[in-house]
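All remarks here apply to the structure that follows.
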There are 2 protein chains.
Amino acid sequence: MPSKPAPITMDAVYTAPGYLFRRMQQIAVSIFVEECSAFDLTPVQYAALVAIHTHPGIDATRLSAVIAFDRSTLGNVIERLESKALIERKPSREDKRVKLLYLTKSGAAMLRDIMPSVERAQVRMLQPLKPADRKTLLTLLTQLVDLNNEASRVPLRAEDALEHLGKAG
Amino acid sequence: MPSKPAPITMDAVYTAPGYLFRRMQQIAVSIFVEECSAFDLTPVQYAALVAIHTHPGIDATRLSAVIAFDRSTLGNVIERLESKALIERKPSREDKRVKLLYLTKSGAAMLRDIMPSVERAQVRMLQPLKPADRKTLLTLLTQLVDLNNEASRVPLRAEDALEHLGKAG
DNA sequence: TGTAGATTGACAGTATACTTACAATATCGG
DNA sequence: CCGATATTGTAAGTATACTGTCAATCTACA
């Protein structure tokens, strides 16, 4: 015999993992923006700055792989960072299509100065949990994100994305 | 003595809770959209349909509280659902500012038909984890979202948002 | 009663996050 | 060497997700 479909209640929404992930992302962004309000930098812009700092002379496509970000979205992010004079774009000599990304002095200073605020934000997100639970959650989430990597439209390609990035400039 | 600042590496990004939440949200939306592609419905539109189904005659402001959604964003969502003829907006007799929301026949049918796909999507999101770990993650995440509720810009107001919603008309 | 203050939906503006398409350029197979 | 194919950055289009502001309307208090 076929089973009856469950009645549709708000619980179908509130207990769904997808809803909880969306909600937690909202909260995380909200906390980040609040802690970093003095710097007028969004989480995504921050991640881009860190990646460019770590890999000077990276191009937009590789940057998108390194922070698991859609290339199109990244175009706008880069534009904003450039207009705020935090990064520079220089044409590559080897490939006329490519524009290489570098932090400006101002960008490097911003990154250095914002770190404590970012750290505070990350702590605040998990603050309500008991320390042991924080660790458990992070471990499980790290696992899940890693194992689900290919399910996202823009999988993370941390290392191998940079294989061909050698002599930049 | 002051401690040296940690060197800035991509690990500062990859291990940050905020990054993991963003990444997991990307993955969750991607899986949802894939499983529900036959219905052309986004996670947010689905949540709105469920809420309107559960609370017929709800208005936009209360709906935003019930699914923890910014009112401005919701305006566009409602517009799209209306243009797809999944919901109807009727002016309230009691308050000329308010427009009450109802599912259409088509919207109710859509909601009924999409449930199995939504269910599959939710299962897929956690699939890579061991069953016990899925439960642990959901428990911790539920706790964290609840305890952080006020930290978000649009806190969830599930029940009390509907206190004054009685005789809709 | 009558007005100050709150609420409601709408709109404009910013910032992700994705899709598809496109021109310029590179690369590879024959 | 040359044409098919791939890559790069850009752009247009859709959909969240927020910030403000605004006019219309409602409520409550003096």
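So that the names make sense, note that chain A is the first sequence line, chain B the second, and so on, each numbered from 1.
Proximity of A/Ser30 to the phosphate of D/dC18: no side-chain N or O atom is located under 4.0 Å from OP1 or OP2. Contact annotation: B/Gln25 does not reach the phosphate of C/dT16 (side-chain N/O to OP1 or OP2, under 4.0 Å).
Aromatic ring centres of B/Tyr14 and B/Tyr19 lie closer together than 6.0 Å.
Across all strands, A/Val77 comes closer than 4.0 Å only to sugar-phosphate atoms, never to a base (heavy-atom distances). Within 4.0 Å of B/Arg22, counting heavy atoms only, lie sugar-phosphate atoms of the nucleic acid but no base atom. Residue contacts shown for B/Glu79 are absent, as no nucleic acid heavy atom lies under 4.0 Å away. Contacts of A/Thr42 with the nucleic acid, taken as non-hydrogen atoms under 4.0 Å apart, involve only primed sugar atoms and P, OP1 or OP2. When heavy atoms are screened at a 4.0 angstrom cut-off, B/Asp95 is found touching the sugar-phosphate backbone but no base atom. Within the nucleic acid shown, A/Thr73 comes within 4.0 Å of at least one base atom, counting heavy atoms only.
Every side chain to side chain contact (heavy atoms under 4.5 Å, CB included) that A/Arg71 has, sequence neighbours left out, goes to A/Thr61, A/Ser64.
Whole-Å rounding puts the B/Leu100 CG to C/dT8 C1' distance at 12 Å. The separation between A/Leu41 atom CG and C/dA15 atom P is 11 Å, rounded to whole Å. Atom CZ in A/Arg23 sits about 17 Å away from atom P in D/dT16, given to the nearest Å. For A/Glu82 and D/dT10, the CD to C1' distance is 14 Å, given to the nearest whole Å. Counting to the nearest Å, the P atom of C/dA10 and the CZ atom of B/Arg80 are 14 Å from each other. In this structure, the CG atom of A/Leu101 is 14 Å from the C1' atom of D/dT10, given to the nearest Å. One can place CD1 of A/Ile67 at 15 Å from C1' of C/dC18, the figure rounded to the nearest angstrom. One can place CG of B/Leu74 at 15 Å from C1' of C/dC11, the figure rounded to the nearest angstrom.
When distances are taken from the side chain of A/Lys96 to each of C/dC18, C/dT25, C/dA12, the shortest belongs to C/dT25. Relative to the side chain of B/Arg62, the nucleotides C/dT19, C/dT8, D/dT10 differ in distance, and C/dT8 lies closest. Comparing atom distances between the B/Ala60 side chain and each of C/dG9, D/dA11, D/dC18 picks out C/dG9 as nearest. The side chain of A/Asp70 approaches C/dC18 more closely than any other nucleotide in the set C/dC18, C/dA15, D/dG9. Comparing C/dG9, D/dT8, D/dA17 by their nearest atom to the side chain of A/Arg97 picks out D/dT8.
You'll find the side chain of B/Val33 stays beyond 4.5 Å of the side chain of B/Thr42, heavy atoms only. With a 4.5 Å cut-off on side-chain heavy atoms, A/Met10 and A/Val13 count as touching.
The closest side-chain donor-acceptor pair between B/Arg23 and A/Asn149 falls under 3.5 angstrom.
Between B/Val44 and B/Arg71, it is B/Val44 whose nearest contact on DNA chain D lies nearer the 5' terminus. Heavy-atom distances to DNA chain D give each of A/Val98 and A/Gln26 a nearest nucleotide, and the one nearer the 5′ end belongs to A/Val98.
Taking only distance into account, the side chain of A/Ser72 meets the base of D/dA11 through a donor-acceptor pair shorter than 3.5 Å.
Using a 4.0 Å cut-off between charged nitrogen and carboxylate oxygen, B/Lys90 and B/Glu82 do not count as a salt-bridge pair.
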